[in-house]
Structure formats: structure tokens, C-alpha cells
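Basis for what follows: all heavy atoms, side chains included, without hydrogens, waters or symmetry-related copies.
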Amino acid sequence: MAASTANVESKTALLDNYLSKVGFEVYPLKVGWYNSLLPPTLRLAHPDDCLAVVVLSTPALFEQAFLPFMEERGFQGLSDPIDQCVKRCVSSAVSQCFPGQEVDVRYDYELLPSRKPKFLAQTAAHVSGAAYYYQQSDVKDQPWAEKKMFGVCVHPRFGGWFAIRALLVFGGVTVGSEMVQPPPPDCVPSREGRIQLLEAFNYRWQDWSYRDIVRPVQIYSQKQKDYFATPPAERFALLKTWGFFSRESDQPDPTSDTESQVTGHG
């Protein structure tokens, strides 16, 4: 099914209206924009003109979706609570907004049998125009010699206080050349600023400073900071102090880490 720009906007608006109430943002893209930046082994097995949508979580997710999810005992004790909350929100939105449609939903924490991620979250955010993916190659005359520096996405309104959660591919929906790729907002245009960002992310990510490279309109609440600053193996104990997990069967998997933007979490 071919979709006009108006139809793309209506699909995006429908999804955004549902998910924005619980702390998400959505941005459309064409599969070809994403695939053009990647080697064949990492590309999506969909036509280049296929419509996709990347889903981000904002600081509001924790209070608007995660804590209510925990209070409702939605957590099943099989994997990370944040991941389960995101999956419930997104899958519910897809079933409500697009009943009967073919939608390939990929979450940032999912891996293929090859152990490669099901999608590269930061690349998807960059090509959709949602956030700029600053990488080592974006710095002229690099000061790091041969040292590897991991890249990081910066959101124009939230800085680093967000996460890339899912990619939705609409298998039966194609879009033409009228859908133009938007450039991601270059929030850190100077060489000095990019060096500061990458060094803060690679060397001092625990102090949160890289997230404030631009002035954010909203940051994580103290409770959310406490949660993500806690090592994954200790988060169950923290959640118990908040009154959750009164039953032993509710215990989460302590090996799952949801606070690493390198793998799409923020």
C-alpha cells in the first residue's frame, strides 16, 4: 500500500497521540535512509521505500508509565522492568492504532541469533531527524590518536536525557520521493563542544554531565536518577524499598542493564 505524505503524517500523529501521553515521541523515516548508512549484515530486510517509525522515551516516561506499570503489577519477573513497560506501551499502541496491519516491531534490547542488535538505535534516531548522532568522525583533527570513542545521540530539547526504545516498520506501507529526509538538529556544532561531549560520555558517563551538553527542557527526576544510577543487580532491592515486589515471584532478572545509550537506552 502506497502512502502519501499526508497519510504518513496521519499515521505518525495517531501513534504520537497515543504514546505522548505516557512519555514517548515518534519520528517517521524511510528504511532506505537507515540502510544506506549500514553494511548489508546490519540492514533491515525491508524495501528502501518502506515506512518506519522510531520511538523515543522522554524523562516523563518514568513517572507517567513506569511507576504506574509497577503499581499495577504489570511486571512478570522474566526480564528488565523498564523493557517490559516499554514493550507493553508500544505493543498496545500498535494494536490500538493499526489493527490488522503488518508492523515489524523491534526493541532496542533485542538481539538477533548472531548477537547483533535487531536495529541500531542511534542510527535510526539520526536519520529520522529525531536526534543528532555525534561520532568520532564528526570531530576534525581528533585529539584521541588511535583511541576508540563511542558516539552518542543528543536530542534538541532533552539533550542526553532520553532513550531510543523501538523501531516500527510498516511492511505493507511504501512512501515515495515526496517524503524528504529531515536533517537532525546539530545541537553541538563546535569542535570543542563535540570533544567535550564525547569525552564526557566515554570517560565520565556516570556523572550525567554529557546529558547537559545542551540546556534540556526536562531532565530525569531524582527518583529516576536513583534507579538508573543503581547497578542492575541491585535494582530489585531498590524497587523493594519503594514498595514493589512483595512476592518472590516478582523478582526481575538482575543481569539486564537498561541504562546504556550505546545500545539504545538512555
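With hydrogens and angles ignored, the 3.5 Å screen pairs no side-chain donor or acceptor of Q218 with any backbone N or O of P59. Remark: side-chain polar atoms of R211 are not paired, donor with acceptor, to backbone N or O of G159 under 3.5 angstrom. Judged by distance alone, with hydrogens and angles left aside, the side-chain atoms of Y34 form a donor-acceptor pair with the main-chain N or O of L120 at under 3.5 Å. A donor-acceptor contact shorter than 3.5 Å links the side chain of K30 to the backbone of G176.
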**Report entry** Worked check of side-chain contact (heavy atoms from CB on, under 4.5 Å) between M149 and Y203
**Finding:** CA-CA 9 Å; M149 301 291 283; Y203 302 150; 3.5 Å; yes
Requested in this report: Any chance you could lay out the side-chain contact (heavy atoms from CB on, under 4.5 Å) test for I213 and Q196, step after step, and finish with the verdict?
Outcome: CA-CA 8 Å; I213 192 69; Q196 178 187 348; 3.8 Å; yes
Query - K11 and V173: CA distance, side-chain angles, deciding distance, side-chain contact (heavy atoms from CB on, under 4.5 Å) verdict - result: CA-CA 11 Å; K11 283 182 179 292; V173 180; 4.0 Å; yes
Query raised in the report: For L197 and I195, what are the C-alpha separation, side-chain angles and deciding distance, and is it a side-chain contact (heavy atoms from CB on, under 4.5 Å)?
Result: CA-CA 5 Å; L197 170 66; I195 291 173; over 6 Å; no
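The aromatic rings of Y107 and Y109 sit parallel, their planes meeting at an angle under 30°, below the 60° perpendicular limit.
By the 4.0 Å N-to-carboxylate-O rule, K116 lies too far from E110 to be salt-bridged with it. Look at E199 and R194 and you find no salt bridge, because none of the NZ, NE, NH1 or NH2 atoms lies under 4.0 Å from a carboxylate O.
Looking at heavy atoms from C-beta onward, K240 lies in side-chain contact with F236 at the 4.5 angstrom threshold. At a threshold of 4.5 Å between non-hydrogen side-chain atoms, the residues R106 and L44 count as touching. Looking at heavy atoms from C-beta onward, L56 lies out of side-chain contact with F24 at the 4.5 angstrom threshold. Within the 4.5 Å cutoff, the side chain of P189 has heavy atoms near those of the D186 side chain. Using a 4.5 Å heavy-atom cutoff, the side chains of L239 and P81 are in contact. R191 places a side-chain heavy atom less than 4.5 Å from the side chain of D141. Taking 4.5 Å as the limit, every side-chain heavy atom of L51 sits out of range of all side-chain heavy atoms of T174. The closest side-chain heavy-atom distance from P47 to V31 is not below 4.5 Å.
Between W33 and P182 the shortest heavy-atom distance is CZ3-CD, 3.8 Å. Closest heavy-atom contact between H155 and E25: NE2-OE1, 2.8 Å. The shortest heavy-atom contact between G151 and L198 is CA-CD2, 4.1 Å. Of all the heavy atoms in A93 and L15, the pair that sits closest is CB-CD1, 3.9 Å. Annotation for V22 and C89: closest pair CG2-SG, 4.3 Å, computed over non-hydrogen atoms. Minimum interatomic distance between R204 and D207 (heavy atoms only, all atoms of both residues): O-OD1, 2.6 Å.
Checked against side-chain contact (heavy atoms from CB on, under 4.5 Å), P40 has the following partners two or more places apart in sequence or in another chain: R43. Annotation: side-chain contact (heavy atoms from CB on, under 4.5 Å) contacts of Q224 (sequence neighbours excluded): F62, E63, Y220, S221, F228. Not counting sequence neighbours, the partners of Q135 by the side-chain contact (heavy atoms from CB on, under 4.5 Å) test are Y133, S137, D138. Under the rule for a side-chain contact (heavy atoms from CB on, under 4.5 Å), the partners of S92 that lie at least two apart in sequence or sit in another chain are Y18, Q96.
To the nearest 0.5 angstrom, R157 atom CZ is 11.5 Å from C187 atom SG. To the nearest 0.5 Å, atom CZ of residue F201 and atom CH2 of residue W208 are 12.5 Å apart. Rounded to the nearest 0.5 Å, atoms CZ (F69) and NZ (K87) are 11.0 Å apart. Atoms NE2 and CG, on H126 and L37 in that order, are 7.0 Å from each other to the nearest 0.5 Å. For the atom pair OG1 of T41 and CG of L112, the computed distance is 10.0 Å after rounding to the nearest 0.5 Å. Rounding to the nearest 0.5 angstrom, the gap separating the CG atom in L19 from the OG1 atom in T12 is 11.5 Å.
Among L168, V55, V53, the single residue meeting the side-chain contact (heavy atoms from CB on, under 4.5 Å) criterion with V105 is L168.
Within the structure, ring-ring contact (aromatic ring centres under 6.0 Å, His included) pairs that include any residue of residues 170-193 comprise F98-F170 (at least two apart or interchain). Here side-chain hydrogen bond (donor to acceptor under 3.5 Å, both in side chains) pairs that include residues 47-58, with residues two or more places apart or in two chains, are S57-R165.
Crowding of Q136 atom CD: a count of heavy atoms from other residues, nucleotides or ligands under 6.0 Å exceeding 12.
Judged purely by distance below 3.5 Å, without hydrogens or angles, the side chains of Q84 and D80 never pair a donor atom with an acceptor atom. In summary, the side chains of D16 and Y27 do not present any donor paired with an acceptor at a separation below 3.5 Å, with no hydrogens or angles considered. Using a 3.5 Å distance cut-off with no hydrogens or angles, the side chains of N202 and W144 do not pair a donor with an acceptor.
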